[in-house]
Every structure is written in structure tokens, then in C-alpha cells.
Visitor: 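The structure is given below, and queries will be raised subsequently.
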2 protein chains.
Amino acid sequence: MEAEADVDVCDKWSETLRVYHTTSCELENELQSRHGLGLSEFEVLLILGRATGECGVKARMKDIEAETHLSQSALSRTVTRLEKAGLVARAACEFDRRANFLALTPAGRERFEQAAPTHRSVLLKHLG
Amino acid sequence: MEAEADVDVCDKWSETLRVYHTTSCELENELQSRHGLGLSEFEVLLILGRATGECGVKARMKDIEAETHLSQSALSRTVTRLEKAGLVARAACEFDRRANFLALTPAGRERFEQAAPTHRSVLLKHLG
DNA sequence: TGACATCAAATGCACGCGCATGTAAGTTCG
DNA sequence: CGAACTTACATGCGCGTGCATTTGATGTCA
């Protein structure tokens, strides 16, 4: 029984690893070559793109961090890259000057909408 | 239909990411703190430990590479680390001097057998 | 045999990550 | 008020990774 459960759980883990690696590698390659976006960069755009009907609305760094599996420092640098690329803007929060609000720029929304179909099709290919 | 499939596939991916990240983070932490092994190091030990009844038997780098999701260079360095730790030994192949045979040392087998229950219990906790 | 393609493995390099720490802004409580 | 604590974010640092290249050994074919 135990031995069987072990085998099951090991196989399950192998399968999870296989799906994760093949899918995220292809996502990374496709997003990078077609849209110049890394995977974690796209994921930030995805969160911002979903959270906001239009461009102006914002999310705090902490809130975004909670929606990804990135560390706080990794998110900070990812946002820095997006900001340098002009896809995202940081804006200080009036009520808590520690916090940063984040918003898609028009260019960011455009890039996101270009990249989203690529993202979707890779997911469908591997998980559909 | 399409919209639904998209949502399904996105949720499925989120869930895969969640399982992958939580499990591999805890695996990494537990293996590192309890046994001084990184995740990819343990995975190499696992392959060697499974492939061989006793210590002497070997596997080629290329064959191991095919069983992991590591790149060739990452595997090469992982094996270098294991070798420096005395857990694994490289041995030239007589018939093809390009190839390296790899074998667990006795210390490597011991470490693997100590670490395997940790690995198993983390997997059971998250996937069982 | 000699020129050329192929293969196994190692290595230089740039990059993104997490951890630990720093900085500045908010909070708590005497 | 003010000292101690906590929170939000940025940054220094070391590490493991993948990509591209190198080194050296094997095939192949004329």
C-alpha cells in the first residue's frame, strides 16, 4: 500500500514537472521571441490587464506579489524592467507613501493584448 | 465554448504553477536544510540510486540528461558539485572516450538513502 | 588517409532569482 | 511626544540556469 502510494506520488510529481517545464519553456521562448517579454514580465502584465478595464487603474506591489509566485525582490526588479520598457508606470500612493501603485501604460496594454493570444495558444496546446 | 476553454486552461495552468512552486520550494528547503542537497542534486542522486542496485553501476551523462529537465550545462555543473562533495564519481568510458560514466560513491548512496524519505514525505504531503 | 560533419562534455557569459539588508514611511503604546 | 516595532519597497550579493562556444573524440566518405 505504502509502496504503491509512493510510486503514484512520484509519478504524479514527474508528470507535474514534465508539464511545468515543457509549458513554461515554450511560453518563455514564444513570449520572448515574438513580443520581447519574459514569462514573469508577462505575468505581471496579465495581472494588471485583468484587474483593470482600462489603463488608469492600479494595483499595489504587495497585492501583485500575492498573485504571483515571485519573491518581493524579483517582483520589484520585474516591474523595474517593465517600467524601463515603458509598459508600466509606478505612482506613489497618497495615503501610504510607502506603497506604489502600478498601472499599465497604453503601450503596456497594447503589448499585453498582442501577447495574450500567444500565451493562450501555448496553454491550449499543452493543457487543452 | 472557446471562452470557457480558455478559462479552464488558465485555471489549470494556475493550479499547476501553484503545485509546482509550493512543492519544489518545500523540497528545496527541506533537502537543503536537512541533507545539504539542492533539488537538482537530489534528482541526479535519485536517478543514479534507482538505476543501480549497488554502488558500482553507472550511467552516462547524456542518459541522465534525458531523464531530467536540466540543460546539458546545468547537469555538468550539478555533477561537478556532487563530485566535489564526494557523492558521485566520474569515470571515463573505455569504448567512447567522449562519454563519462557516472556512479554513486558509498557516501553518495548513504546520503541518498537519508534524503529519500524527506523527498517522499514532502511529495506525499503535497500530492497525496 | 585526410577533410568534414557529428557528438559528449566542459566552460565563459549574462541573466533572473532568493536571501539578507537597507531605507523610509506608518503604527503602537508608555 | 518619542522609542520600538512593523510594513512596503529597493538593492547588494551569491548562486544556478540556459545559451553559445570550445575542446577533444568518433564517424563518414571520397
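Throughout, a chain's letter reflects where its sequence line sits, starting with A, and its residues are numbered from 1. Computed from heavy atoms alone, side chains included, the values below leave out hydrogens, waters and symmetry copies.
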Visitor: Could you check whether any side-chain heavy atom of A:D8 comes within less than 4.5 Å of a side-chain heavy atom of B:L127, counting everything from C-beta outward?
Guide: no
Visitor: Do A:V122 and A:L31 touch side chain to side chain, with heavy atoms closer than 4.5 Å?
Guide: no
Visitor: Measuring only between side-chain heavy atoms, which start at C-beta, is B:L70 closer than 4.5 Å to B:E65?
Guide: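 Side chain of B:L70 against side chain of B:E65, heavy atoms only: no contact under 4.5 Å found.
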Visitor: Identify, with sequence neighbours excluded, every residue that meets side-chain contact (heavy atoms from CB on, under 4.5 Å) alongside B:A89.
Guide: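 Checked B:A89 against side-chain contact (heavy atoms from CB on, under 4.5 Å); matches are B:T105.
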Visitor: Would you kindly give the CG-to-C1' distance between A:L102 and D:dA8, to the nearest whole Å?
Guide: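 Interatomic distance, CG of A:L102 to C1' of D:dA8: 13 Å.
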Visitor: Could you list all N or O pairs between the protein and nucleotides 4-8 of chain C that sit under 3.5 Å apart?
Guide:
{"from": "C:dC7", "atom 1": "O2", "to": "B:R98", "atom 2": "NH1", "distance (Å)": "3.2"}

Visitor: Let me know the distance between CD1 of A:I64 and C1' of D:dA10, rounded to the nearest Å.
Guide: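 Atom CD1 in A:I64 sits about 16 Å away from atom C1' in D:dA10.
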Visitor: Between A:T80 (side chain) and A:S76 (backbone), is there a donor-acceptor pair under 3.5 Å?
Guide: yes
Visitor: Whole angstroms only, please: what is the CD-P distance between A:Q32 and C:dC15?
Guide: 11 Å
Visitor: For the helix from C:dT1-D:dA30 to C:dG30-D:dC1, what angle separates the axis at the start from the axis at the finish, each from five pairs, in steps of 10°?
Guide: 10°
Visitor: Between B:R111 (side chain only) and B:H35 (backbone N and O only), is there a donor and an acceptor less than 3.5 Å apart?
Guide: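 Between the backbone of B:H35 and the side chain of B:R111 there is a qualifying donor-acceptor contact (under 3.5 Å).
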Visitor: What is the distance, to the nearest angstrom, from the CZ atom on A:R97 to the P atom on C:dT23?
Guide: 20 Å
Visitor: With sequence neighbours left out, which residue pairs that include part of residues 38-48 of chain A fulfil the salt bridge (charged side-chain N to carboxylate O under 4.0 Å, His left out) condition?
Guide: A:E41-A:R81
Visitor: Given side chains that start at C-beta, do those of A:L123 and A:L27 come closer than 4.5 Å, heavy atoms only?
Guide: yes
Visitor: Name every residue in residues 13-28 of chain B that has at least one heavy atom under 4.0 Å from any atom of DNA chain C, in order of residue number, or write none if there are no such residues.
Guide: none
Visitor: Within a reach of under 6.0 Å around CZ of A:R97, are more than 12 heavy atoms found that belong to other residues, nucleotides or ligands?
Guide: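 No - once you tally the heavy atoms of other residues, nucleotides and ligands closer than 6.0 Å, there are 12 at most.
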Visitor: If you apply the rule side-chain contact (heavy atoms from CB on, under 4.5 Å), what do you find for A:R90 with A:M61, and how did you get there?
Guide: CA-CA 9 Å; A:R90 291 188 224 240; A:M61 295 282 280; 3.9 Å; yes
Visitor: Summarise how protein sits on nucleotides 12-23 of chain D as a single string, 5' to 3': B when a protein heavy atom is under 4.0 Å from the base, S for sugar-phosphate-only contact, - for no contact.
Guide: BB--SBBB----
Visitor: Classify the ring geometry of B:Y20 against A:H21: parallel below 30°, tilted from 30° to 60°, perpendicular beyond 60°.
Guide: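 Answer is perpendicular, since the angle exceeds 60°.
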Visitor: Taking the side chain as every heavy atom from C-beta outward, state whether B:F101 and B:R60 have any atom pair closer than 4.5 Å.
Guide: yes
Visitor: Could you tell me how far apart A:E65 (CD) and D:dC9 (C1') are, to the nearest whole angstrom?
Guide: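 So the CD-C1' distance, A:E65 to D:dC9, works out to 10 Å.
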Visitor: If each of A:F95 and B:R90 is mapped to the nucleotide of DNA chain C with the nearest heavy atom, which maps nearer the 5' terminus, i.e. the 5' end?
Guide: B:R90
Visitor: Salt-bridge test for A:E15 and A:R18: reply yes if a basic N is under 4.0 Å from a carboxylate O, no otherwise.
Guide: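 A salt bridge is present here (some side-chain N lies under 4.0 Å from a carboxylate O).
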Visitor: Can you check the A:F101 CZ to D:dC9 C1' distance for me, whole Å?
Guide: 14 Å
